[in-house]
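Read the numbers this way: they start at 1 and go in the same order the structure lists the ligands and their atoms. One-based numbering along the sequence shown.
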Amino acid sequence: MSITTRRADLADLDLLHDLAARTFGLATPAGTRQSDIDAFIARHLSAESFRRYLSDPERIILIAAEDGVPVGYSMLVRGPIADPDVAKVVDAATSIELSKFYLAPHRHGSGVAATLMAATLSEAMATGAAHCWLGVNQQNERAGRFYAKQGFEVVGVKRFLVGDVWHDDHVRMRALVSA
Ligand SMILES: CC(C)(COP(=O)(O)OP(=O)(O)OC[C@H]1O[C@@H](n2cnc3c(N)ncnc32)[C@H](O)[C@@H]1OP(=O)(O)O)[C@@H](O)C(=O)NCCC(=O)NCCS
């Protein structure tokens with residue numbers, strides 16, 4: 001299997017929406033209502049949302065593919081931090097957010113996540129940021145374990161709105177250093 005990563009562009013809107021719609025719910029706790037997941041996807045992960053993200057110079061979206069078939073994506077976001085819980089523990093001037101990191105379920109545990117993370121951190125470093133931070137649901141043990149392996153330490157907590165329900169996240173952060 002050949003794993004490749006590349007920057008997404010405007011030709012990828014439908015592909016990104018499809019990947020995002022298939023994977024977003026995997027990051028939410030058991031018991032999350034499908035209607036809340038659907039509302040989040042409609043509001044933040046539509047093809048139109050991805051058109052906005054891809055047109056924003058402060059964002060970088062990467063796609064991971066296996067033998068040419070897209071199996072995951074990530075999104076980095078630079079800029080001010082609106083969430084006061086995050087602003088307490090992250091310096092926006094020197095940091096970049098890993099806002100999305102999702103892999104199709106049949107590729108979990110395959111090593112693709114590590115490849116996509118390496119490419120994502122390399123893009124993050126190229127922006128000049130010194131740290132990368134993210135939010136992850138506190139009950140998402142698989143992702144928490146993966147991020148811990150990737151050097152992201154818990155530095156705080158925040159809340160995250162899915163549909164009508166607030167979820168509890170960990171804020172994790174790591175330094176960006178050259179290999
Ligand atoms: C998060 C994600 C990218 C990680 O990729 P992955 O291929 O699953 O990661 P890995 O298999 O390398 O690492 C996961 C670790 O969690 C462990 N794990 C698996 N299920 C677990 C569980 N239920 N509880 C605790 N740990 C678990 C695995 O054994 C592995 O640890 P190990 O390498 O020490 O054995 C992928 O699972 C994913 O896309 N999940 C759905 C979307 C998501 O949650 N994204 C994060 C949003 S913030």
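- By the criterion of a heavy-atom distance under 4.0 Å, both the backbone and the side chain of A27 are placed next to ligand 1.
- Of the protein's non-hydrogen atoms, R145 CG, 3.8 Å is the one closest to atom 17 (C) of ligand 1.
- No N or O atom of Y102 sits closer than 3.5 Å to an N or O atom of ligand 1.
- Heavy-atom distances between Y147 and ligand 1 reach below 4.0 Å in at least one pair.
- Partners of R6 under the salt bridge (charged side-chain N to carboxylate O under 4.0 Å, His left out) rule, at least two apart in sequence or in another chain, are D12.
- The protein atom (non-hydrogen) at minimum distance from atom 28 (C) of ligand 1 is R142 NH2, 4.5 Å.
- Atom 39 (O) of ligand 1 has its closest protein heavy atom at L103 N, 2.9 Å.
- Of the protein's non-hydrogen atoms, F101 O, 2.9 Å is the one closest to atom 45 (N) of ligand 1.
- Distances shorter than 4.0 angstrom occur between a heavy atom of G135 and an atom of ligand 1.
- In this structure, atom 12 (O) of ligand 1 lies nearest to the protein heavy atom K149 NZ, 2.9 Å.
- Distances from ligand 1 to the non-hydrogen atoms of K100 include no value under 4.0 Å.
- At the top of the distance list for atom 2 (C) of ligand 1, counting protein heavy atoms only, stands F146 CD2, 4.5 Å.
- Here the protein heavy atom with the shortest distance to atom 44 (O) of ligand 1 is N140 ND2, 2.7 Å.
- Counting only residues at least two apart or in different chains, side-chain hydrogen bond (donor to acceptor under 3.5 Å, both in side chains) contacts with residues 14-26 comprise D18-R22.
- Here the protein heavy atom with the shortest distance to atom 25 (C) of ligand 1 is E141 CB, 3.6 Å.
- Residues M173 and V89 fail the side-chain proximity criterion, which asks for heavy atoms closer than 4.5 Å.
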